[in-house]
Amino acid sequence: MHLYQEQPIKIYNSLSGEKELFKPINDGYVGMYVCGPTVYSNVHLGNVRTFMSFDMVFRYLKHLGYKVRYVRNITDAGHLENDADEGEDRIAKKARLESIEPMEVVQRYTVDFHNILNKFNFLPPSIEPTATGHIIEQIELIKDILQNGFAYEINGSVYFDVVKFNESHDYGKLSKRNLEDMIHNTRELDGQSDKRNPQDFALWKKAEPQHIMRWPSPWSDGFPGWHLECTAMSTKYLGEHFDIHGGGMDLKFPHHECEIAQNEAAKGQSPVNYWMHANMLIMNGKKMAKSTGNFILPNEIFTGDNANITKAFSPSVARFFMLQAHYRSVLDFTNDGLLASEKGFNRLMEAINHLDHLPVSTTSSIDLPSWIQKCYDAMNDDFNSPILIANLFEGVKYINQIKEGNESISQEDLNSFKNTIHTFVFDVLGLLPSQSSSDNSDDKLTGTVELLIKLRQEARANKNFALSDQIRDELTSLGIQLKDGKEGTTFSTN
RNA sequence: GGCGUCUUGGCCGAGUGGCUAGGCAGUGGUCUGCAAAACCAUCUACAGCGGUUCGAAUCCGCUAGACGCCUCCA
């Protein structure tokens with residue numbers, strides 16, 4: 001008996017526009033593909049939010065006992081800056097600007113990407129393939145599409161024939177667009193393109209002489225079209241038909257639409273059962289943009305070195321903040337929001353620390369099993385992490401009530417209570433426990449402050465409040481806060 | 001211009017045709033030598049207008065606004 005058999009989940013499928021009962025193709029196994037980053041600059045915070053959403057999905061599916069193969073690619077082949085069939089490839093551009101090899105650009109930002117994700121406590125995907133590592137597979141796919149008559153070659157480049165494809169298939173079914181509208185609304189190109197129609201997209205592009213990243217192919221020395229790599233890699237590692245495909249909302253069109261078209265054209269079947277799209281992250285109510293200063297790098301959150309925030313926030317606080325919003329909602333990244341989340345997060349962590357010291361009774365006064373099921377219900381309902389967190393705070397309330405003696409809990413219930421909290425907070429949400437003063441690695445500081453706490457206690461016992469307050473206030477101004485509790489005084493630093 | 005998503009209390013942010021979301025802040029209280037911290041309790045909602053309904057913040061329409069996509073950015 002697996003957990004997933006008793007916890008059916010519903011997923012909002014972008015394709016149908018409805019929440020659907022999740023049923024994997026192979027019982028007990030889940031194949032999930034998520035479009036990864038193009039590594040030509042530091043990872044975008046919005047990108048982090050998207051991957052965090054799928055990290056949570058991955059974690060929950062695993063928790064339910066599914067064997068999940070999670071594939072998230074790295075786009076390291078340069079692609080053109082626009083679909084109008086002109087412009088420079090972004091990695092090459094960066095390489096030119098910094099006078100380094102394109103692969104140095106790729107390496108630098110791949111490392112940055114992994115560093116940031118590690119700080120946020122992401123689980124590594126099962127496979128993290130690169131586009132440049134799958135050129136052969138992409139060329140084979142192009143051959144299939146050409147052979148099936150849905151692409152044409154011209155001047156060494158190969159384009160997907162959207163108009164022809166649409167005659168027998170439905171191009172636009174994911175993004176709810178129809179080709180007629182698109183054709184009517186397209187601005188005329190300058191006639192520089194080899195494409196038959198503006199809606200067509202490149203499968204293979206012949207490289208200009210100055211283009212550094214290039215590979216041989218039957219059509220020319222060139223490079224693959226952007227949409228193709230995901231089709232090639234998802235097919236290779238998950239098959240022609242798999243369970244879940246995710247990505248940011250902005251990839252729905254054209255990228256994911258094109259993926260569907262490529263799969264149908266090459267393999268004759270729609271590749272994905274459940275399409276999931278994570279919504280955008282905005283900042284202070286507006287789109288993040290470097291040009292307006294309305295922008296923050298993930299790392300700047302941890303250092304506090306950005307004008308948009310007043311202090312540094314730990315990765316777990318930032319993670320908690322993001323998971324307090326549903327993945328399909330637009331989330332506004334603000335200093336006030338972060339501050340609020342930090343306090344809530346700390347309260348949650350304090351309560352979890354108390355779990356180990358709760359008094360046990362012979363019976364429980366709370367209905368623990370139904371609370372546990374409420375936590376599962378939240379996640380089963382399209383991975384509703386905000387509701388889960390609301391339930392966890394209800395758990396916090398229980399913990400405090402038990403601590404105060406207003407509620408009671410049996411040993412058996414306490415064990416499953418602890419278990420459930422740990423599962424959801426650390427395994428599913430992927431939060432990291434905050435360091436309490438007790439396991440502060442800085443022993444010298446801890447010893448020193450504990451000495452001062454002791455001296456302050458003695459002063460208070462002697463009613464020398466001038467001294468005791470002086471110790472307290474001067475520590476406060478150093479960023480060390482004393483917390484008087486029933487079981488003595490603890491401290492925290494910030 | 002086209003398509004789509006959204007508009008909830010001081011702030012963030014869920015959800016639902018009739019039943020308290022939650023967090024932060026505020027207020028009252030417990031604790032304290034006084035505070036802080038912690039804990040307990042608690043106030044303020046569902047953009048506007050019209051319609052469907054016994055009943056809508058929840059469904060439908062219109063208006064206003066926001067955001068996204070339509071140039072590959074998640």
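Worth saying up front: this structure is predicted, and the values here are computed from it rather than measured.
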message: For the CG atom of A:Leu117 and the NZ atom of A:Lys119, what is their distance to the nearest 0.5 Å?
response: 11.5 Å
field: Whole-angstrom distance between B:U44 and B:G10, as gauged at atom P
entry: 11 Å
message: Here's a test for you: under side-chain hydrogen bond (donor to acceptor under 3.5 Å, both in side chains), which of A:Thr132, A:Asn73, A:Thr130 qualifies with A:Glu229?
response: A:Asn73
message: Keeping A:Asp381 on the side-chain end and A:Asp377 on the backbone end, is there a donor-acceptor pair under 3.5 Å?
response: no
query: What string of B, S and - do you get for nucleotides 37-44 of chain B, 5' to 3', when a contact is any protein heavy atom under 4.0 Å?
result: B-SSS---
task: Could you tell me whether the side chain of A:Arg59 and the main chain of A:Phe122 form a donor-acceptor pair under 3.5 Å?
output: no
Do any N or O atoms of the protein come closer than 3.5 Å to N or O atoms of nucleotides 11-13 of chain B, and which pairs are they?
residue, atom, partner, partner atom, Å
B:G13, OP1, A:Asp332, N, 3.0
B:G13, O2', A:Gln324, O, 3.4

message: Could you spell out the base pairing of RNA chain B as a dot-bracket line? Use Watson-Crick and G-U wobble contacts where both distances are under 3.5 Å, [ ] for crossing pairs, | for partners on a different strand.
response: (((((((..(((.....[...))).(((((.......)))))....(((((..]....))))))))))))....
- prompt: Do A:Asp76 side-chain atoms and A:Val39 backbone N/O form a donor-acceptor pair below 3.5 Å?
  reply: no
Whole-angstrom distance between B:C59 and B:U53, as gauged at atom C1': 9 Å
message: Below the 4.0 Å mark, does B:G15 have OP1 or OP2 next to a side-chain nitrogen or oxygen of A:Asn384?
response: yes
field: Pairwise C1' distance for B:A45 and B:C39, with rounding to whole Å
entry: 27 Å
field: Residues which pass ring pair (Phe, Tyr, Trp, His ring centres under 6.0 Å) with A:Tyr109, listed by chain and number, not counting sequence neighbours
entry: none
message: For the backbone of A:Ala131 and the side chain of A:Gln138, can you confirm whether one donor and one acceptor N or O come within less than 3.5 Å of each other?
response: yes
statement: By nearest-heavy-atom nucleotide on RNA chain B, the more 5' of A:Gly248 and A:Ser175 is A:Ser175
Interatomic distance where CG belongs to A:Asp469 and P belongs to B:A35 [whole Å]: 11 Å
- line: Ranking B:U5, B:G33, B:A74 by distance to the side chain of A:Arg472, first place goes to B:G33
query: Starting at the 5' end of RNA chain B, which residue's closest nucleotide do you reach first, A:Glu394 or A:Leu281?
result: A:Glu394
- request: Please state the P separation for the pair B:C11 and B:G50 - nearest whole angstrom.
  value: 26 Å
query: Over how many whole Å does the gap from A:Gln457 atom CD to B:G33 atom C1' extend?
result: 12 Å
task: For A:Leu388 and B:G22, give me the distance from atom CG to atom P, rounded to whole Å.
output: 15 Å
task: Kindly say whether, by distance alone, the side chain of A:Arg328 makes a donor-acceptor pair under 3.5 Å with the base of B:C6?
output: no
message: What's the gap between B:G26 and B:C62 when it is taken at their C1' atoms, as a whole Å value?
response: 38 Å
field: Residue pair A:His245, A:Cys35: steps toward the side-chain contact (heavy atoms from CB on, under 4.5 Å) verdict
entry: CA-CA 8 Å; A:His245 188 129; A:Cys35 294; 3.5 Å; yes
- request: Would you check if the distance from the ring center of A:Tyr12 to the ring center of A:Phe383 is below 6.0 Å?
  value: no
task: Can you tell me the distance, in whole Å, between the CG atom of A:Asp377 and the P atom of B:A21?
output: 18 Å
query: For A:Lys10 and B:G15, what is the distance between atoms NZ and P respectively, to the nearest whole Å?
result: 14 Å
Less than 3.5 Å apart, which donor and acceptor atoms pair up between the side chains of residues 47-54 of chain A and the rest of the protein, not counting sequence neighbours?
residue, atom, partner, partner atom, Å
A:Arg49, NH1, A:His326, O, 3.3
A:Arg49, NH1, A:Ser329, O, 3.4
A:Arg49, NH2, A:Asn279, O, 3.4
A:Arg49, NH2, A:Met280, O, 3.0
A:Arg49, NH2, A:Ser329, O, 2.3
A:Thr50, OG1, A:Gly46, O, 3.4
A:Ser53, OG, A:Arg49, O, 3.1

query: With centres under 5.5 Å and planes under 30° as the test, does A:Phe51 stack with B:A74?
result: no
message: What's A:Phe393 touching, base or sugar-phosphate or nothing? Going by heavy atoms closer than 4.0 Å.
response: sugar-phosphate
query: Got a donor-acceptor contact below 3.5 angstrom from the A:Trp371 side chain to the A:Asn391 backbone?
result: yes
message: Between B:G23 and B:G18, how many Å separate the two C1' atoms, rounded to a whole number?
response: 27 Å
query: Between B:G33, B:C70, B:G22, which nucleotide has the shortest distance from any of its atoms to the side chain of A:Ala390?
result: B:G22
- prompt: To the nearest Å, how far apart are A:Glu257 CD and B:G4 C1'?
  reply: 13 Å
task: Only counting residues at least two apart or in another chain, list the ones meeting salt bridge (Lys or Arg N to Asp or Glu O under 4.0 Å) with A:Lys397.
output: none
query: Do side-chain atoms of A:Asp200 reach the backbone of A:Val162 as a donor and acceptor pair under 3.5 angstrom?
result: yes
query: Given atom CE of A:Met379 and atom P of B:A14, what is their separation to the nearest angstrom?
result: 14 Å
field: P spacing across the pair B:G13 / B:C31, given as an integer number of angstrom
entry: 38 Å
field: Atom pair distance, as rounded to whole Å: CG in A:Asp250 and P in B:G4
entry: 18 Å
- line: Regarding the side chain of A:Phe253, the nearest nucleotide among B:C69, B:U16, B:A14 is B:C69
message: Checking the side chain of A:Arg319 only, and the main-chain atoms of A:Leu429 only, is there a donor and an acceptor separated by less than 3.5 Å?
response: yes
query: For atom P, what is the distance between B:G22 and B:C43, given to the nearest Å?
result: 11 Å
